Each structure stands twice: as C-alpha cells, then as structure tokens.
J.: 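Let me begin by handing over the structure; questions about it come next.
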Amino acid sequence: MAVSEEQVIRGVGHSVKRFEDGRFIRGRGNYFDDITLPGMLHLEFLRSPLAHARINGIDTSRAEAVPGVVAVVTGELLAQHNLAWMPTLSGDTQAVLATDKVRFQGQEVAAVIAESAYIAKDACELIDVDYEPLEAVTSPQQALAEGAPVIRDEKEGQTSNHIYDWEAGDKTATDHAFAEADKVVSLDTFYPRCHPAPLECCGCVADVDPATGKTTIYMTSQAPHAHRTLFALVAGIPEHKIRIISPDLGGGFGNKVPIYPGYVVATAASLLIGRPVKWVEDRTGNLISTGFARDYHMHGELALKEGRITGLRVNMLSDNGAFFADAQPTICKAGLFHIVTGSYDIPAAHVETEGAYTNKAPGGVAYRCSFRVTEASYLIERLVQNAAYELGVDPADFRKQNFIKPEQFPYKSATGFEYDSGDYGAAMEKTLEMLGYDDLRREQAEARAEGRLIGIGLASFTEVVGAGHGAEYKIAGLRMNDGAELRIHPTGKAVLKLSVKSQGQGHETTFAQIVAEELGLQPEDVEVQEGDTDHTPYGLGTYASRSTPVSGAATAMVSRRIRAKAQKIAAHLLEASEEDLEWQQGKFVVKGAPEKSTTIQDIAFAAYTNIPEGMEGGLEGVYYYDPPNMTFPFGTYAVVVEIDRGTGAWKVLRCVAVDDCGVRINPMIVEGQIMGGLTEGFAIAAMELIDFDEEGNCIGANLMDYLIPTAWETPKFELGETVTPSPHHPLGAKGVGESATVGAPAAFVNAVVDALAYAGVRNLEMPVTSDKVWAALQEAGLAE
Ligand code: CDP
C-alpha cells in the first residue's frame with residue numbers, strides 16, 4: 001500500500017521549511033531591542049579616542065547636570081562595588097570601565113544612564129577625561145620587542161606583553177622528519193583581524209526588581225546558562241535570582257559569546273537605580289570593541305619525502321588585544337589549533353604558539369570558528385598547495401596521495417586528536433567531477449597561452465566541532481555538556497527545551513525533526529524552546545558548531561528514553577509483554593500481529609489517563625549529553641578565478657563545495673548554512689579587514705570601511721555532498737555551521753595564487769585586494 005503524504009514522518013533527512021521563518025519574514029521576530037519596560041532608562045558609553053593613555057582624572061559634573069541624566073557611571077564608582085574589572089572566559093581579567101588606563105581605542109571609559117538614548121549620548125560628550133597619551137602597541141611583534149610599553153601593568157608580576165606559550169605534538173620526532181626530508185616547503189602568512197559583524201549588534205535590557213531581588217536580563221547571548229553562572233559568580237547575585245532571556249538573535253557568529261562591559265554596567269546600574277536599563281550597541285561600538293576574530297601570524301613548514309608529507313612544524317604568534325578574552329576550552333590556550341595537520345596523514349608534527357597583548361580590542365576566536373580551527377585549516381591548505389607546486393605535481397593528486405585513508409579511522413593525529421570518521425578521497429573526487437577538473441586544467445593552459453590568467457584553488461579541510469568531552473573540555477571550569485528536556489502532552493504534542501541558542505541556524509525546525517525521527521510525531525507537533533534560563537536545562541550554548549553534535553545528541557537520547565517508557569505503556573495498552581512489541585516509527589506493534597498496535601499519540605494520552613499500576617505518570621524526561629569525542633566534518637572546496645592583468649582585480653568563475661557533515665538532519669538548512677559560510681569565507685579572503693594605524697586608530701570602524709559582501713559581489717555556489725556518519729553520535733550527525741567559513745578562505749586564496757604560481761608566486765595575503773594582486777603581477781612581469 002502506498003504511504004500517504006500525511007503518514008510520512010518528516011524527521012531526519014527531510015528539507016522541512018524553517019518554522020521560525022514564519023515570524024521572521026513577517027517582521028514578528030522578538031529581539032531585545034523590541035523590549036520596552038515601564039520606567040526603562042538608557043545607557044550610552046563614552047569610549048576612548050586613544051589606544052593607550054593614562055587616565056589622570058574624569059570630571060562628570062557637566063554630564064550629570066544635563067536634564068534627563070539619571071547617573072554617570074565611572075570605573076571608580078564600579079570599583080566601590082568590586083566591579084571595575086571582570087574575569088574573562090580565558091581566566092584573564094578585563095576592565096569593565098577604565099580606571100587607571102585606557103588600553104584600546106573604543107574602550108568603555110564611562111557610561112551615562114538617562115531617560116532617553118539621545119540624552120545619554122549627548123551627555124557622554126560632556127564628560128571631561130584627562131588623558132596622558134602613551135605609546136600605542138599595534139602588533140604582537142612590537143609588543144614582544146625589548147623595551148615595549150607594558151600594556152597590562154596593573155597585573156601583578158606582569159612585566160611584559162607576553163600572555164602564553166603553548167605547544168602540541170612531538171618536537172623530537174618532527175625535527176627528525178625534517179632532518180630526513182628531501183624537500184622542505186615553508187610559508188609565512190598572516191590571518192588578518194576580521195569581525196563577525198552580525199546584522200544585530202549586541203545589547204541588553206537589565207531589569208533588577210527592587211521588591212523581589214530578581215534580576216532579569218534580556219541579552220544577546222549565545223550561551224545564556226554559562227553567562228548566568230558567571231554573573232552569579234562575579235556579581236555575587238544568587239544564581240536562582242538571575243534569569244537570562246536571550247530572545248531572537250539577529251546573527252551571532254561567535255560575537256555574542258563573550259561577556260561585554262555593556263551587560264555588566266546595565267545590570268549594575270539597574271541594581272543601583274532600581275529601574276530597568278537598556279544598552280544598545282551601535283555599529284561602530286560593535287566593530288571596535290566586541291569580539292573580533294583571528295589576528296594570527298603563522299609560520300609553517302612541511303617536510304617532504306618521496307612525494308609524501310612526513311612532518312609539519314608550525315610557529316604562531318597571536319595578537320590577543322588588551323585583554324585575553326577568548327572563549328575557549330581551558331585545556332588549550334591556543335584553542336583547537338592542533339587540528340593543523342588537517343586531512344593529511346602526517347606522522348610527526350609540532351606546534352608552538354605564543355600570545356601577546358596589544359592596544360587593540362580583545363577577542364580572537366569569534367566568527368564561525370571552533371577556537372582557531374579556521375587559522376589551522378588555512379595554514380595547512382595553503383602549505384599543501386605550495387608543496388604541490390614545489391614538487392611539480394598536481395595539487396589534487398598531491399592531496400589524494402597524502403590524505404588519511406578511510407580504513408585509518410578512527411585516526412589519531414600527531415597533535416593528539418582522534419578523528420572519528422572520514423573519506424577525504426570521496427569528497428575530493430566528487431568535487432573534481434562536479435568541476436570538470438581535468439578539462440579545466442587544460443582550459444587554464446590554453447588561456448595562459450592566450451595571455452589570460454585563470455587559477456584553480458582547492459581546499460580539503462577537516463574540522464573539529466562539538467566540544468566537550470566534558471572531562472577535558474571546559475569553559476571557565478564548566479563542562480561543555482548540554483541538556484535537553486522533552487515533555488509529551490496528553491494529546492501527543494511536545495515541547496522540547498534546550499540549553500543551546502539559535503542565532504538564525506533553524507534550531508526550532510531541526511531539533512523538532514530529531515524528536516519526530518525518534519518518536520514518530522510530526523515536527524510541527526514539537527515546539528522547541530531555547531534561550532530562557534528559567535525554563536531550559538543547563539548547558540554551554542551555541543558556538544563552534546556544537547549544537548547538533550551535543551544538543552542534537554541530547555535530543556535523540558531524551559527521545560529514546562521517553563520511547564522506552566512509551567513501550568511499557570504500550571505493553572499495558574495492548575496487553576502484551578514489552579519484548580513482544582516492535583517499534584515502527586510512530587507506533588508499537590505486536591510482533592506477528594500487525595493489526596494490534598498503538599500509536600505514540602495514544603500512548604501519550606494513556607500516560608496521563610491509563611498507566612499500569614505503580615508506574616509514575618507523565619511522559620517526559622531530561623538528558624544531559626557528554627559527547628565521548630568531538631565530530632570531524634570535512635569537505636573539498638574548489639574555486640576558479642580569472643585575474644585582470646590590467647588592474648589586478650579577480651573574479652570568481654566557479655565555486656564548487658562538497659561537504660560531509662555525516663547524516664544531515666535538514667538538508668535544506670545545511671545547504672543554507674554552507675552558502676552563508678562560503679559567502680563569509682569569500683569575504684574574508686577578498687575584502688573584510690579590521691586594520692589599525694600606528695597610533696592604534698581602528699580602520700574598519702564602520703561598514704563603509706569594513707567591507708561586507710552584498711549579493712552583488714557574492715559568487716554563485718555549486719554544492720555537493722558525501723555522507724560519512726559519525727560513529728559516536730546517536731544520529732551519525734556532525735556539526736556544519738562553520739565548515740564553509742573554515743574551509744573557503746584557503747580555496748579562494750589558493751585560486752588567485754594558482755593563476756600566478758607558474759610565474760613563481762607562492763603567497764598573497766588576505767584580504768586579497770586588487771592592489772596586492774597588481775603588485776604581484778608587476779613583480780612577476782605579468783602586468784598589462
Ligand atoms: O551550533 P550551530 O547551530 O551553530 O551549528 P550546527 O550544529 O552545525 O547546526 C547548524 C544548523 O544545521 C542547525 O539547524 C542544525 O540542526 C543543522 N544541521 C543539520 O541539519 N544536520 C547536520 N548534520 C548538522 C547541522
């Protein structure tokens with residue numbers, strides 16, 4: 001009998017249209033800035049115009065005299081409440097409002113709380129700060145040079161700008177591989193500072209109720225539970241008296257993971273004044289002061305022997321800005337950079353990193369990246385491409401020859417990760433086939449003979465996403481685990497509550513599909529709730545593509561737990577023994593008697609009306625998932641470009657992206673994630689840059705200077721997939737949210753380099769602007 005449309009449960013593997021879009025496209029989303037509370041005040045910051053200066057005094061009297069100003073908050077005032085400094089997620093400290101010095105341009109110096117945002121902004125300009133300018137340190141090299149001014153001189157025992165040294169891998173084995181190599185290929189490159197720049201900037205409404213002592217903070221937070229715990233620890237407010245509500249978010253990309261001074265000052269002000277306080281960050285505030293990404297100087301070397309990679313050596317220098325504020329697992333000071341061996345079977349590797357303070361905004365790991373994976377992927381994919389040129393072999397063949405083979409999984413990398421599963425050759429073959437690689441290489445040669453410069457760039461990235469395992473992966477001491485709570489109501493409709501927080505990734509749809517898959521309800525019958533700490537289970541939140549690997553697994557496991565109870569109820573209803581029942585999606589059937597069955601809806605009703613004697617009522621459960629390992633999605637991207645020899649401008653002719661994120665829960669959402677990620681990867685490679693002049697002035701402080709691609713510049717993408725399930729995830733799924741942003745930049749840069757490689761060009765720094773290409777054309781004698 002044909003299965004009718006209604007009977008098909010649209011669980012895992014169905015491209016269900018996103019439920020949340022109904023409210024987003026009708027303009028009915030609910031963002032923090034939509035929240036207006038009675039008596040609400042507004043907060044605006046006075047930010048430092050200087051990158052490095054001593055503060056000799058702050059006179060707030062003129063600002064305080066402005067009608068409508070309720071309070072002017074300074075660091076000195078916060079210090080009286082022990083709140084002038086706060087801990088960062090990396091265990092450092094960060095100024096909430098500057099007291100002794102300002103340490104980057106745009107740092108928060110004072111805050112005005114007023115009846116309107118306009119009054120607050122105007123009053124900020126009447127605060128008089130006596131600055132004594134100091135030399136600005138704008139690069140980690142300058143920071144670590146002899147005699148550099150010490151930026152963090154307030155820290156006891158801090159006599160330089162050095163933050164950390166960290167290493168991974170085996171130095172002796174790596175040195176040996178290099179001593180035995182018949183060729184060494186090296187690359188010095190810089191992954192520049194860029195910014196996640198979500199459409200919605202950060203902000204909050206803090207509402208401390210003087211009568212009950214309950215603190216409610218509507219806040220742009222990707223990790224509401226972790227933020228609540230940190231608020232409790234830092235401010236001393238009992239945790240159960242804090243409620244963080246992260247409403248709809250207009251994008252996050254990592255920008256909404258750190259705790260910013262705005263959240264703290266608004267909450268402190270609400271507590272002191274007894275009225276709600278709103279802080280809305282403006283675009284410049286967002287670009288110059290909140291979590292940026294990258295800023296990594298990298299040196300990599302590959303040891304090559306008989307066409308194989310036998311060793312990898314890496315040294316990195318990280319510019320962390322004025323406060324070491326990366327959100328990252330505590331065991332790895334340099335994040336998860338040790339995925340730098342990538343997709344390749346490299347027997348020996350050694351990685352050394354050093355971090356430095358500079359007079360720039362803090363951050364480093366944000367922007368669709370699992371804690372420095374993007375930099376690692378970029379480095380190895382650029383190195384591998386250059387190694388192929390030096391050996392005179394095709395870059396695709398060289399990769400294939402050096403890939404970890406499918407039978408080697410689970411694969412232990414030289415830097416300590418255990419890769420769960422992969423088939424890199426399959427993703428590569430699919431990409432080459434979709435691209436028509438061999439024909440394209442021929443066309444490239446023909447075009448070159450005609451004087452046209454075409455380049456083909458590849459990147460075969462491997463990622464690591466889905467932190468924990470909780471025993472090893474913690475942030476600020478909190479295990480990186482997440483909870484899922486599921487309740488099936490009597491009429492068979494369900495509510496799923498999660499600790500993660502979507503910023504536009506479609507969680508309300510995909511997590512409902514997981515419940516649908518496991519229990520046989522339709523996804524429309526499952527409401528997914530996130531973002532309210534009073535009403536969702538604990539967990540560390542959404543970033544680094546961890547929602548599906550961790551909370552997706554928790555959702556599957558809690559559903560299975562409920563199904564186990566449902567089986568007992570079904571046995572009672574069918575008067576059969578549990579063992580005689582067979583689960584068919586959505587119902588239990590008596591084995592050998594298909595006419596005897598009961599649906600999950602009937603069971604749900606019975607859970608509240610007709611349960612076996614002695615059974616606890618209801619049909620609900622909670623599951624906290626501690627992943628046994630992380631997941632390792634991968635893919636191969638190929639980009640074809642043509643360079644204009646007269647201007648250095650390059651345009652993208654093709655972009656083929658084959659991704660493998662294991663089992664796809666919602667293929668349409670996955671494709672959307674990949675297209676967005678490719679757009680960002682292209683943007684980082686081509687145009688996005690937060691730069692500084694030598695006085696530490698931020699260049700890129702608005703969207704006229706910080707270039708974000710529009711649909712006009714964005715290339716067309718051709719997507720493909722392979723499916724290699726994760727063996728340890730209950731659904732075989734791996735994370736995907738950040739894959740394309742991680743994999744794409746190297747493919748774009750490799751494409752431009754490839755067009756010029758025959759003339760000896762091996763590197764172009766991101767963003768690869770036409771002036772840089774023009775200079776390379778000139779140097780190579782190819783300019784027209
Ligand atoms: O943590 P975040 O939500 O940013 O990343 P993710 O876990 O990679 O998920 C991004 C979106 O893609 C979510 O809606 C996922 O449920 C969906 N996804 C999927 O449908 N199948 C996968 N294998 C991975 C993600």
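First listed ligand is number 1; within each ligand, the first listed atom is number 1. The first residue in the sequence is number 1, and the count goes up from there. These numbers come from a predicted model, not from an experiment. All values below come from the heavy atoms of this structure, side chains included, with hydrogens, waters and symmetry mates left out.
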J.: So which heavy atom in the protein is nearest atom 4 (O) of ligand 1, and how far is it from that ligand atom?
T.: Gln505 NE2, 2.9 Å
J.: List ligand 1 atoms under 4.0 Å from Val736, heavy atoms only on the residue side.
T.: 8 (O), 24 (C), 25 (C)
J.: Check each heavy atom of Glu738 against ligand 1 and say whether those closer than 4.0 Å belong to the side chain, the backbone, both or neither.
T.: neither
J.: Near Ala733, which atoms of ligand 1 are under 4.0 Å from a heavy atom of that residue?
T.: 23 (N)
J.: Could you check which of Val663, Thr509, Thr542, Ile665 puts a non-hydrogen atom nearest to atom 23 (N) of ligand 1?
T.: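 It is Val663 whose heavy atom sits nearest to atom 23 (N) of ligand 1.
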J.: Evaluate the ring planes of Phe403 and Tyr344, with Trp represented by its six-membered ring, and classify them as parallel (under 30°), tilted (30 to 60°) or perpendicular (over 60°).
T.: parallel
J.: Which atoms of ligand 1 sit under 4.0 Å from any heavy atom of Gly735?
T.: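 Selected atoms, number and element: 8 (O).
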J.: For atom 5 (O) of ligand 1, what's the nearest protein heavy atom and its distance?
T.: Ser545 CA, 3.5 Å
J.: Which bit of Lys734 is near ligand 1, meaning a heavy atom under 4.0 Å away: side chain, backbone, both or neither?
T.: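 The answer is the backbone.
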J.: Are Glu527 and Arg487 within salt-bridge range, i.e. N to O under 4.0 Å?
T.: no
J.: In the protein, what heavy atom is nearest to atom 12 (O) of ligand 1, and what distance, to one decimal place, separates them?
T.: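 Protein heavy atom with the smallest distance to atom 12 (O) of ligand 1: Ile669 CG2, 3.8 Å.
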J.: What's the shortest distance from atom 16 (O) of ligand 1 to any protein heavy atom, and which residue and atom give it?
T.: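 Looking only at protein heavy atoms, the one closest to atom 16 (O) of ligand 1 is Thr510 OG1, 2.8 Å.
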J.: Can you report which non-hydrogen protein atom sits closest to atom 9 (O) of ligand 1, along with the distance?
T.: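 Of the protein heavy atoms, Thr548 OG1, 3.4 Å lies nearest.
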J.: Do you know which of Gln529, Lys497, His225, Glu485 makes side chain to side chain donor-acceptor pair (under 3.5 Å) with Thr536?
T.: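 Between Thr536 and the candidates, side chain to side chain donor-acceptor pair (under 3.5 Å) is satisfied uniquely by His225.
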J.: Are any side-chain N or O atoms of His729 and backbone N or O atoms of Val663, one a donor and one an acceptor, separated by less than 3.5 Å?
T.: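 Pair absent, no side-chain N/O of His729 close to backbone of Val663.
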J.: Identify the closest protein heavy atom to atom 1 (O) of ligand 1: which residue and atom is it, and at what distance?
T.: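 Heavy-atom neighbour on the protein nearest atom 1 (O) of ligand 1: Ser547 OG, 2.7 Å.
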J.: For Cys661, state whether at least one heavy atom is located under 4.0 Å from any atom of ligand 1.
T.: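 Yes; Cys661 lies near enough to ligand 1 that a heavy-atom distance drops under 4.0 Å.
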J.: Counting each atom of ligand 1 from 1 as listed, which ones have a heavy atom of Gly506 under 4.0 Å away?
T.: 14 (O)
J.: Is there a donor-acceptor pair under 3.5 Å between the side chain of Lys501 and the backbone N or O of Pro247?
T.: yes
J.: In ligand 1, which numbered atoms sit nearer than 4.0 Å to a non-hydrogen atom of Arg664?
T.: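 So the answer, numbered in order with elements, is 21 (N), 23 (N).
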J.: Is Lys493 atom NZ crowded by more than 12 heavy atoms from other residues, nucleotides or ligands, each under 6.0 Å away?
T.: no
J.: Looking only at protein heavy atoms, which one is nearest to atom 3 (O) of ligand 1, and how far off is it?
T.: His507 NE2, 2.7 Å
J.: Give the ring-plane orientation class for Tyr263 versus His227, where under 30° counts as parallel, over 60° as perpendicular and anything between as tilted.
T.: tilted
J.: Would you check the N or O atoms of Gln673, main chain and side chain alike, for any that come under 3.5 Å of an N or O of ligand 1?
T.: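 In fact, backbone or side chain, Gln673 has no N or O that close.
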J.: Quick check: Tyr419 with Tyr411 (ring centres under 6.0 Å apart)?
T.: yes
J.: Measure the acute angle between the ring planes of Tyr637 and Phe461, then classify it against the limits of 30° and 60° as parallel, tilted or perpendicular.
T.: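 Aromatic pair Tyr637/Phe461 classed tilted.
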J.: Indicate whether the side chain of Asp660 and that of Thr722 have a donor and an acceptor atom separated by less than 3.5 Å.
T.: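 A donor-acceptor contact under 3.5 Å links the two side chains.
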J.: Under 6.0 Å between the ring centres of Phe409 and Phe632?
T.: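 No.
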J.: For atom 19 (C) of ligand 1, what's the nearest protein heavy-atom neighbour? Residue, atom name and distance, please.
T.: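 The answer is Val670 CG2, 3.3 Å.
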